[in-house]
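The next block holds one structure in the form of C-alpha cells; read it before the comments.
These values consider heavy atoms only, across backbone and side chains, with no hydrogens, waters or symmetry-generated copies. Residue numbers start from 1 in every chain, and the chains themselves are labelled A, B, ... in the order their sequence lines are given, proteins ahead of strands.
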Amino acid sequence: MKTTARIVVPIVFVVAISLLLQGHNLPGGGFIGGVLTTGAFALIYVAHGLDYLEVGVLGRDVEPGAGVFEHRTVTAYERAFILGLAIAIGSGFAALLFGEPFLSQTYEIVHDVPIYHEIELATALVFDVGVYLVVVGGLLTILSVVGAE
Amino acid sequence: MAMTEQIVIGPMLAALGSIVLTLSTRRFRRLQRAVSVAGGLAYAGAVGALAWRVVLGAGPAAYQVGGVDAPFGITLVADELSAFMLVIAGAVGAASIAFSAAYVDPDNQAVFYHPLFHCLLLGVAGSFLTGDLFNLFVWFEVMLMASYVFVAFYGGEQHTAAALRYLVLNVFGGALLLLGVGGLYAVTGTLNMADMARRLAAPAAYGIDVEPVLGLSALLFAAFALKAGLVPFQFWVPGAYRAAPLPVVAMLAGVTKKVGVYAIVRLYFTVLGGLPVQVDVLGVTGDSALALLGPVLLLTGTASIVLGGLGAVVRDTFEETFAYSSIGQVGFIVVPVGVAAMADAEPLRRFAIAAALVYALHHALAKGLLFLATGAVRSATGTNRLADLGGLAGRSPLLGATFFVGSLSLVGIPPLTGFFGKFLVFDAAVRRAAATGAAGAAGVVVALLVGAVLTILYTSRTWTRCFWGARTPPVEDAAVDPAHAAAGAALDREGYVDVIDPVGGVEE
C-alpha cells in the first residue's frame, strides 16, 4: 500500500496540475483538478494514517487526544478554502473594474517563448485556481475531520 | 455595457463579498459581526438601488454574466416582479442579520453562522434575478444548502432529525425540479426563460409538442409548492422552523417561502403564459396552461388556509403557532395567484397578482417581525411555551408593543400592511365570485373568511396568554435586552413605509 502510494501520488499530482492548467480550453479545470489532488491526499491518509502529514512530513509534534481540529494541516485546509473563494470571486470583481460584466474572461497569446513557442495566458486560469483551492481545501477539511471520527 | 447596468448583479456581489469577508475575519468575532451586519446593509442598499433603477428609472434591465450572450450565457433579469421580491428579501434580511448578531450566542456565531447567512441571501437574490431555468435550480440549491445547515445548526437530537427530514424531502424536490427543467430543455431546446416563452408562444414554428410541456410544468409546480410549503407539502414546515435559529426562521418564513411562490408566478405567467394548449382534464377546460394552474392553486391555497389556521389555534409554543400560521398565510398569497390564473379579463388578472404581491410583502414583514419578537421573548425568559408565559406586556412595554403591532398586522387592522394585503386579496376573490357566479368561487371567499377568523383567534390567544394577565416566574425574572426588541421594532417601521409600494400601485 505504501509502495503504491509512493509511485501513484506524484503521478496523480502531475495529472491534476495539468488538468488545472489546460482547463480553460480543453477538458479539465479547477474542479476536477482539485478532486484528483484530494484523491492523492486520500491515498496518503489511507496508506500512512491520519497523523502522517503532521508528524512524518512536516515534523511537528501532535498532542495525543487533542482532536483533529488542532492539527495545523486542517487549519491550512480551511485557509486554502477561504483563499480560493477570495481568488475566484476577486477574479470576477476584476472584470467590473474594466466595465465588463461580472466574471468576464479574456486571453492573450504570448509568442516566441523558448521551448513552448507560444503560450496562451487566459484570465480564466485565475478563476480556475480559485476553484481548485476551494475544492482541495473543502474536501480535505471534510476528509480529515470526518476521517478522524 | 454601460456602467449603470452593473447594479443588476449588485445584491449578489454584496452577498458574495460578505461571504469572503466574514470567512476571513472569523478569528475576530466582534469584527466578523460588524462586517456581517454591514454586509446585510450593503445587500439591502444594493437591492434598494436596483429597485429604484427598475421601478422609478429606466425599467427592466438584463445582464449577461461573464459577457456570454443569451441564450447560451446566463442572463440575469431585473424586472418589476424581481425587484419587488428583492425588496422583501433585503428588508427582512438586513433586520434578521442585525438581530442574529445580538441574539445567537457568540460561540455559535463563530461556527460559520455569518457566511452561511449571506449564502442564504445570495441564493435568494440569485433565484429572484436569474432569467435562466437551469440557473434557477442552481440558486435553489445554494439557498437549500445554507438552510440544511441552519436547520441542523444546534446539533441536538431533534434538530438533526428535523434536518434529515428536511434534507431528504428537498433532495426529492430538487430531483423533480431537475427532471422538469431537463425535460423542458429537451422539448423546447432552450433554457433561457425569455427564449422559452417566445418559442412556446409559437410551438408549431419551433416544432414543439405542447402536451409534454404541461406535464413537465406540473413537475416544476410540485417542486415549487414543496418549497412554498403549500398543502399537501406543508408537513416539513413546523419541524424545520422549530429546529432552526429564530432569526433564520424569520428568513425562511418571510423570504424563502416566497421564492417558491415567485417561481410559480414566473414559470406560469412569464414562461408558459403564451402557450396555446387545449386543456381538458377532470372537468377543467381552457386554452392555456394557466387554466390548469388556477383550480389547483385555489384548492391547495384554501386547504392551506384552513389547515394552517386550525393547526395554529391549538399549538402550545410560539414557533409552532407561527409555523402553522405561515402555512395558512402562504395560502392567502396563492389564492389571488389562482384567481389571476383563471381570470378572463386582463384588469382582474393584473389586480389579483398585485394583491398576491402586497400580501407577500405583508406576510414577510409581519411574520419576520413576529419570529424576531419570539426570539426576543425566548432570550429574555428562556422559554417559548405559551403556558409558561404571562404578563409580558407589563414587563417589557417595547417588546409588547412590537408583538402587538405584528399581531394586528397579521389580523389585518389598518393602517398596517396586513389590512391592505387582506383587503386586496378579498377584493380579488369577491370580484371573481361576482364575475363567474360559480359556487366554487363563493367557496373560496368563505375559506378566506374562515382563515381570517382563525387568524384573529390564534393571535389573540397568544397575546392574551403571554402578554396579559399575571406575570409568571420566567417573565418576572426576565432580562429584556433592549437591542433585541429594537431590531424587531425596526422591522415594524418598515411595515409602515412599505405600504406606499410602487409596484402594487402601478399594477393596480
I need the minimum non-hydrogen distance between Gln6(B) and Glu100(A), along with the two atoms involved. NE2-O, 3.0 Å
Can you check whether Leu13(B) reaches Leu96(A) side chain to side chain, under 4.5 Å on heavy atoms? yes
Give a yes or no on this: more than 12 heavy atoms of other residues, nucleotides or ligands lie within 6.0 Å of atom CZ of Phe72(B). no
Does Phe31(A) have more than 12 heavy atoms from other residues, nucleotides or ligands lying within 6.0 Å of its CZ? no
Scanning both residues in full, the closest heavy-atom pair of Phe102(A) with Tyr63(B) reads N-OH, 2.6 Å
Segment of Ala86(A) engaging chain B (4.5 angstrom heavy-atom cut-off): both
Tell me if the OH atom of Tyr148(B) is crowded by more than 12 foreign heavy atoms within 6.0 Å. yes
Considering all heavy atoms of both residues, which atom of Leu23(B) and which atom of Leu85(A) are nearest to each other, and what is their separation? CD1-CD2, 3.7 Å
